[in-house]
Amino acid sequence: MQKALLAFLLLCSWALKSQDQQYTISGYVRDAKTGEELIGVNVYLPQLGKGSSTNVYGFYSLSLPPGRYQVQIQYIGYETQSREIELSADQKINWELKESSTTLEEVVVSSEKIDRNVSSIEMSVVQVDVKDVKKMPALLGEVDIIRSLTLLPGISTVGEASNGFNVRGGNTDQNLIILDEAPVYNSSHLFGFFSIFNADAVKDVKLYKGGIPARYGGRLSSVVDVRQKDGNNRAFSGTGGIGLLSSRLLLEGPIQKEKSAFMIAGRRSYADIFLGLSPDETISQNTLYFYDFNAKLNYIFSEKDRLYFSGYFGRDVFEINDLFGFEWGNATLTGRWNHLYSDKLFSNLSLIFSDYTYALGTPEDDEFNFRLQSTIQDYHLKNQYTYYANANSEFEFGLEAIYYRFKPGTITGVVDLTLQREYALEPSLYFSHEYKFSPLFSVQYGLRYSSFYNLGPQSKNIYQNQELPELDEVVERVDYGKGDIIKAYNGLDGLEPRLAINYRLDDEKSLKASYNRTRQYIHLISNTTAPTPVDLYRPAGMHIKPATVNQVALGYFQNFNDNAYELSIESYYKDFRNIVDYRNGADLIFNESIETEITSGIGRSYGLEFYLRKQSGRLTGWLSYTLSKTELKVESQDPSLAINAGEWYAANYDKRHDISLVLNYQISKTWDIGMNFTYQSGRPITPPEGKFQFEDFVVPIYRNRNSYRIPDYHRLDLSANYIPEKKEGKKFYSSWSFSLYNVYARRNAYSIYFEQAPNQNGTSAQNLNTQAQQLSIFGTIIPSVTWNFNF
Amino acid sequence: MKNLHIITLLIGFMALSACRDVVELDVEAAEPELVVNGVLSNSEPLFVKLQSTSAYFDNQAFQEVSNARVSILEDGQEILVLTESDSLAGHYEANFLGSFNKQYQLRVEINDPQVPEKMQGVWLSRLDTLRPVPPIDSIKQATLNRSTTPQAFFEGDYALMYFGDLPGKGNYYRIKRKLNDSLFAQENIIINDEELDGIYFGRGLFPPIAIYGPFEEPEAGMEADSLSVFIQSVSADFEDYLNVLQSQVQTGSPFDAPPAMVVGNIYKEGAENQYAFGYFQTIGESANGIRYKP
């Protein structure tokens, strides 16, 4: 510990010393047309071989010795700008980049030098370009950012109808998904068919699979950082589309030109209209749709201060005739204040609110109406600082506090019942430092310290065996008052070290390594194969412990042909502790004593990821391959509660091989075509090794958990986009997108389940025959067409 | 809220778009194990059925286990030995009715060398009490619709059951129904008195339970339907057993419960971790019925 502290002090003094006689250039990089700040723009000094990049608010800062420098600004899809500067005092330089307008015959010279995957300290990171996603084949015409992530190495789903995704062997609740910094608890609409992110409203998407920076915490496996557009502060504009499943509209414009802007966007699906066309009344009377709104407002007070407000509201609605209704959705609100204390010290203060609610019940005018509602809400305070010490050294530090309110279940109407609410506080601090020892070697190290307090008011059962609570073994009930600490997790286990190393072999090759330890204090309570919208998060506390993971990763990165090709090969190993699992027959719905249904275990996940991407030319796209294994182990003091007799077993989402090929070809100025092909190993299931009879039930006997695999999954999708040339002077223009999903109509198995075969009378009484049925979500080719417009 | 089957609604949606195909799997079968099922009640003669498990895709009849010594202990004393039926192998019976508040235990002894060794030995059921059961005071017919009764999804003639919970918490009742002497297939309705201790259904604030309906009009010349309803007093353990069993046989959606072993109340003497499948039920039962009047 003392040696580490000494090394840290030496590094700091080294970093500070090198600040002697330095001046700073700083400013913002924006889109010339819209005024949007651009994220991750390279600010590069070729003669020094050094540079920096803009942060999530488009700000950069570089401190250098006085002198004359060529400064290059590079960003994918934009024309590179270059300017010579005489640095003899601090300078504020803002840049405005124009989108590159290439003809098909030109190589995209302007952006070919971008080599972030080799030069950046970051590894295990995926940056999604929304423009690429819009060109891909889309299910029912819906551009889906989350679905596009699953075409990248290390990211998969349990199946087509799954709510959520798995990253490097992590469960779906181990992904921190944030929209303008607000956590989103359910990232899907319509039972996992579509994501909640409106691609028109999204500016940037970055996913960390490993090497997670210290500023992020709270989830074990990944961070998906989604940033909404700020709004065009130069001119009023709009974009939208009408598709088979849904329509969308986005409006943006200045409130005060170049000072403040707004953005609002909305979507609404109309699947229920198609249901209404069915001659079958049991289908036609049903309702099924989703809608969502995104909104953002920002105001630039001065060069030093900027204010943002953003929000999201979305709902899914499902009604069966007029008998029963079901709805769920997220709501978020974020207020942020950017402040420049100096040219080198940037800060962001955020206040965030997030809510996920589901409700089900009968119509209100029903005489015997009822409504069951469950909610998780959180309130955040986040204060983050970036200190740009010099061109080699950048510090980040900050604090965060999250206050949670869990309302697991309230029933109103004919019956009034409420499950106890739960409250928790999760404060954390972090620090990190990125240091470039030389153009070839850089290190980022950091430490996050998190703690968690499960708070009252609440009444808690104390069991005979607190490690193995049983409902019939309650010895007493203890009442905790408001704010009383029921359980605190604030020891050394809350230390979460982070480390990333980049060693450049040359301009085009680098080796990287990373380590992170992350902690998760809230768990998604779900014991079904795929999470459902009715699953809720519960906090760590007296009986549920926080989960932790240690992840190491190694990678080799290389670019070819002036960065036209990008190659990465990464391997990783993850070691999980205190993963929540469930006892046999666990009853999780509206259960006051959920601790009696839960058990916990350990896990391990390891794999190799290969990624080759072509970024320029008529043909672009990528090939990704993942070889991986994820296993869990649940032992218990009570052998009957152990899963798989306490032996390692494959996780539900363990897929050995995962291959994706994504291509887009620009045929002409107006037409491009695209293709996605994906191949995955079948996921594991538990086959019955026998059966027995009880009354007129034939009951399967399961022993070896997940010892069988369903057939492999593969699917081909095609797309074509027609984008006519924009006519001079005409503000309104439109385009068409065509998609074919599941081109060869494969009936991919989602699961295999085991049942008694129906007899001739349609009942299963006295029919002892059993069979296996394969469930496929889609079994046919699904075409779609969308008309898109802009003005 | 154990009976709140939200998942079935989600299954309903999936049914709109999903495809199902019968497939064959190459799965290794395990060695046969003992299955013990039986019912001891206050109203029907005692029976016990001994079988063995079979391979899941083997659709032959389950193998019976004969020549076993099957006996009943009442309050710790062996009171009778069942005899194997001449016509139904593996079916053991006795003309015996249990008494309320007595504790009963089943004992099965298998020494037949033809039976797999794993199934041999002495097997016991966990001690259970024959719990008192409330009578079904009456079943009446009434015309209902959605605006008057939440359970009446469709307008028509329903059978209403009038009965009251016995005082004292911890009562679990299983409801079974027969229509024209045919038991409803795979029915698993259990209610408990957790929030409703001592309530009488059919008096005051609590309406009678619409136990069946709407009745169908009989065809010309045919007799109208006859409904029989049984209330069985069961243990909390049996309710758990049925819940786990239900979760394992109700399959077919992305939201299925994970696989679980359905373990009953039969274990090997001297080795409680070794269990047989099936369940020996000790139940109090009351019944009533109605014939529909169109």
Side-chain angles (χ1 to χ4, degrees), chain A residues 159 161-162 191 283 288 318 320 323-324 326 360 362 366-368 527-530 532 534 582 584-585 587 589-590 639-640 686-694 696-697 699-703 705 708 747 750-755 763-765 768-779, chain B residues 1-2 4 6-7 9-10 12-14 16-25 27-30 32-33 35 37 51 53-57 59 61-62 146-150 153 183 185-186 240 243-245 247-249 251-263 273 277-279:
Chain A
S162 55
F191 306 106
I283 294 174
L288 177 64
F318 179 36
I320 297 175
L323 304 174
F324 199 87
F326 185 26
L360 52 96
T362 53
D366 218 76
E367 192 174 334
F368 296 94
N527 68 342
T528 50
T529 305
T532 74
V534 301
Y582 309 93
N584 285 340
D587 177 25
I589 297 175
F590 213 76
S640 69
T686 306
E689 60 169 40
K691 62 185 176 185
F692 68 92
Q693 187 181 0
F694 172 79
D696 56 354
F697 293 96
V699 186
I701 299 170
Y702 297 110
R703 277 213 171 86
R705 178 70 75 91
Y708 198 86
R747 287 155 94 98
Y750 177 87
S751 184
I752 293 176
Y753 61 93
F754 306 94
E755 60 171 14
T763 68
S764 58
L768 306 177
N769 288 350
T770 47
Q771 62 186 21
Q773 281 238 34
Q774 178 175 292
L775 172 68
S776 308
I777 303 299
F778 294 122
Chain B
M1 274 295 165
K2 285 188 178 183
L4 190 56
I6 298 163
I7 305 303
L9 300 171
L10 300 177
F13 168 69
M14 301 311 307
L16 297 177
S17 54
C19 313
R20 287 170 172 77
D21 301 293
V22 176
V23 293
E24 293 196 8
L25 302 190
V27 178
E28 221 174 284
E33 295 179 68
V35 183
N37 285 306
Q51 291 174 316
T53 61
S54 68
Y56 193 80
F57 296 104
N59 286 326
F62 288 100
R146 274 288 291 161
S147 62
T148 58
T149 311
F153 283 104
L183 256 181
Q186 296 194 331
D240 286 342
N243 283 336
V244 176
L245 185 146
S247 75
Q248 298 304 300
V249 300
T251 56
S253 92
F255 312 114
D256 287 347
M261 189 78 83
V262 184
V263 176
N273 285 339
F277 294 100
Y279 206 98

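In what follows, every heavy atom counts, from backbone to side chain, and hydrogens, waters and symmetry copies are set aside. All of these numbers come straight from a predicted model, not from anything done at the bench. Below, chain A is the first sequence line, B the second, and so on; all start at residue 1.
- Interface remark: of the candidates A:I752, A:T770, A:I701, A:T770 forms the most heavy-atom pairs closer than 4.5 Å to chain B.
- Within the 4.5 Å cutoff, no side-chain heavy atoms of A:V699 are placed close to those of B:F277.
- Residues A:Q771 and B:F57 have side chains not in contact (no heavy-atom distance under 4.5 Å, counting atoms from C-beta outward).
- Inter-residue side-chain proximity for A:P700 and B:V249 is flagged as met; some heavy-atom pair is nearer than 4.5 Å.
- The pair A:R703-B:E33 meets the salt-bridge criterion, since a charged nitrogen lies less than 4.0 angstrom from a carboxylate oxygen.
- The residue among B:T53, B:V262, B:L25 with the most heavy atom pairs within less than 4.5 Å of chain A is B:L25.
- Ring pair A:F754/B:Y56: centre-to-centre distance below 6.0 Å.
- In this structure, chain A has a heavy atom under 4.5 Å from the side chain of B:V35, while its backbone stays farther away.
- For a residue to count as touching a neighbouring chain, one of its non-hydrogen atoms must lie under 4.5 Å from one of that chain's; by this rule B:A29 touches chain A with backbone and side chain alike.
- Proximity to chain B (any heavy atom under 4.5 Å) is restricted, for A:Y708, to the side chain, taken from C-beta onward.
- Of the two parts of B:E28, only the backbone, made up of N, CA, C and O, holds a non-hydrogen atom closer than 4.5 Å to a non-hydrogen atom of chain A.
- Proximity to chain A is limited to the side chain of B:L245, based on heavy atoms less than 4.5 angstrom apart.
- Using a 4.5 Å cut-off between heavy atoms, B:D21 touches chain A through backbone and side chain atoms alike.
- Residues B:R20 and A:Y753 meet the side-chain proximity criterion, which asks for heavy atoms closer than 4.5 Å.
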